[in-house]
Amino acid sequence: MDRNQITKWLKSPGKMAHKYSLHAVYFCTGCGIIEIPPVITTRWDAERFGIIPVATPRQGNLFMITGYVALKTLKAIIRTYEQMPDPKYTVGFGSCPINGGMYWDSYNTIKHLDKYIPVDGWIAGCMPRPEAVFIGVTHLWTLIDKGMADGYLRYRKNYAAYRRNQEMVLGELDWPPLYPAAGETEEVTQ
Amino acid sequence: MVTRIIQIVLSPLIALVVGVLFVGLSRKIIARIHRRYGPPIYQPVIDVVRMMSQRSISHGALFELGVVFALAGSFVTVLFIPIGGTEVLGRAYPLAHGVLCPLSGSGGLLVVIYLMLLAPLGLALGAGASANPNASIGVSRKLLLALAYEVPFLLIILTVMSHYQTISITEIVARQQQTAWGVLSMPLSAVAAFLILPAMLGIRPFDLAGAPQEIASGPLAEYGGRYLALLALQKAVHLFVVIALFVDLFLGGGVNLATFLLKMLAVFLVVETISAVLPRVKIENAVKFCWKWPTGLALLQMVITVLSK
């Protein structure tokens with residue numbers, strides 16, 4: 001452990017633990033997932049930084065969407081995101097979740113993921129190399145340090161708007177709202 | 001009396017710290033065998049702090065009770081297992097009746113057999129309440145695996161009890177330190193116990209109950225936040241219990257805490273190194289294996305022990 005970090009650990013253990021224990025839920029939508037096995041196995045070894053894949057959204061705190069998002073997938077993404085416990089961080093991986101990428105004129109994929117769920121950071125590229133994932137992670141560390149990775153707070157605050165956007169493309173959603181009285185919930189402390 | 005109370009507080013704490021350290025060590029060892037750098041050895045502590053700071057989702061009272069049940073079962077088992085004597089530098093201290101075991105006077109092996117089943121049962125209770133199909137499959141696998149390793153385990157315990165003519169673990173440890181270690185007087189039982197160690201610990205090749213790739217980590221599928229943190233601690237304490245029991249029964253316990261922990265470390269390193277290079281087996285193959293080789297060896301040693309008495 002870096003000795004300079006000890007004061008940070010004492011000041012906000014929860015925040016620091018979130019930084020160094022990013023348990024990732026990889027949402028394998030498209031070709032992007034092919035870059036993840038080298039990241040988590042021997043060649044690049046993400047476990048050095050405490051990043052390991054977990055099996056269910058209940059256990060994770062990092063949500064990675066790796067590839068284009070079709071309408072059907074979007075439904076699953078929203079459900080997975082809502083199942084994860086707060087605090088949670090979302091990262092869009094590759095060009096497709098950012099602006100549609102090579103599917104920019106497809107009738108069946110969504111172009112901007114952050115209209116439907118809050119995204120804390122992007123890793124651009126088609127495909128991003130595993131090194132880019134680590135650069136993304138260090139950026140996420142900075143954001144967590146500064147308290148700017150607040151996607152889950154934004155989701156709670158603007159839930160009505162997000163839900164409206166979701167229903168605009170998916171029609172009537174067949175699950176109840178996560179925050180029924182959006183805007184009137186108690187303040188979240190981190 | 002006072003020393004006993006201090007021990008009742010202290011020995012679960014030792015089990016927790018050593019168990020968590022061992023979990024961290026196992027991740028490091030597996031990483032090094034994979035030729036990776038691996039996480040820092042205190043990574044499980046970071047994970048537990050992170051899980052504790054997350055919002056926890058509950059599925060009802062039984063869901064929470066299962067976690068408490070499992071954790072309490074593991075902690076209570078620690079109280080019945082001697083973790084070394086009080087001899088330092090060749091001088092025996094009469095402190096704590098000469099052995100670090102809070103409840104040495106009562107129970108013994110018979111109680112440990114029953115208490116060790118509490119943890120899987122508690123987990124089954126909680127996971128069942130979550131009504132997740134993956135959790136149900138995981139629970140059924142876990143209980144089947146328990147059935148598989150309990151048969152050789154009970155035979156081994158029976159052999160040890162009839163060899164030393166006692167059910168007290170402290171007595172067994174003392175007799176081993178006077179004469180020969182259990183691994184020399186009952187070699188086949190020791191081999192059988194070593195073969196079922198991965199099944200009891202739930203590590204490879206017998207990690208099929210919590211297989212993340214097949215059934216989404218099984219009974220833990222619906223657990224998150226602080227419930228998952230408590231279950232991670234439970235796993236660490238359970239690891240301590242199983243390996244401590246092996247050291248007590250076959251490697252002569254320890255004259256003090258340090259030698260005891262060193263023996264535990266040696267056993268753990270061997271088990272972990274073997275498990276790191278093995279793939280996962282199917283449940284039917286696990287049951288077949290446990291009922292063939294360990295059971296056969298344990299049965300053979302029992303016959304030899306009983307006939308030679």
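In the text below, chain A, chain B and the rest are named by the order of the sequence lines, each starting its count at 1.
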Report yes or no: do Thr41(A) and His34(B) form a side-chain donor-acceptor pair below 3.5 Å?
no
Minimum heavy-atom distance Ser21(A)-Ile46(B), with the two atoms named
CB-CG2, 3.8 Å
So does Lys111(A) have more than 12 non-hydrogen atoms from other groups sitting under 6.0 Å from NZ?
yes
In terms of heavy-atom pairs under 4.5 Å with chain A, the winner among Ile57(B), Leu228(B), Leu220(B) is Ile57(B)
Closest contact, heavy atoms only, Ser217(B) versus Ala55(A):
N-CB, 3.9 Å
Taking Arg50(B) as the fixed residue, which of Lys19(A), Met16(A), Lys15(A), His23(A) is the one that meets the side chain to side chain contact (heavy atoms under 4.5 Å, CB included) rule?
His23(A)
Does atom NZ of Lys142(B) have more than 12 heavy-atom neighbours, drawn from other residues, nucleotides or ligands, at distances under 6.0 Å?
no
For the CZ atom of Arg36(B) and the CD1 atom of Ile40(A), what is their distance to the nearest 0.5 Å?
9.0 Å
Most heavy-atom pairs under 4.5 angstrom with chain A, which of Met52(B), Lys28(B), Arg27(B), Arg35(B)?
Arg27(B)
Looking only at heavy atoms, what is the nearest atom pair of Pro87(A) and Ser53(B), with distance?
CD-O, 3.9 Å
Below 4.5 Å, heavy atoms only, C-beta onward: do His18(A) and Gln54(B) meet side chain to side chain?
yes
With a 4.5 angstrom heavy-atom cut-off, is it the side chain or the backbone of Tyr37(B) that approaches chain A, or both, or neither?
both
With a 4.5 Å cut-off on heavy-atom pairs, point out which of Val45(B), Asp47(B), Val49(B) contacts chain A the most.
Asp47(B)
Residues Tyr20(A) and Gln43(B): closest non-hydrogen pair is O-NE2, 3.1 Å
Check whether Ile51(A) gets within reach of chain B through its side chain, its backbone, both or neither, counting any heavy atom under 4.5 Å.
neither
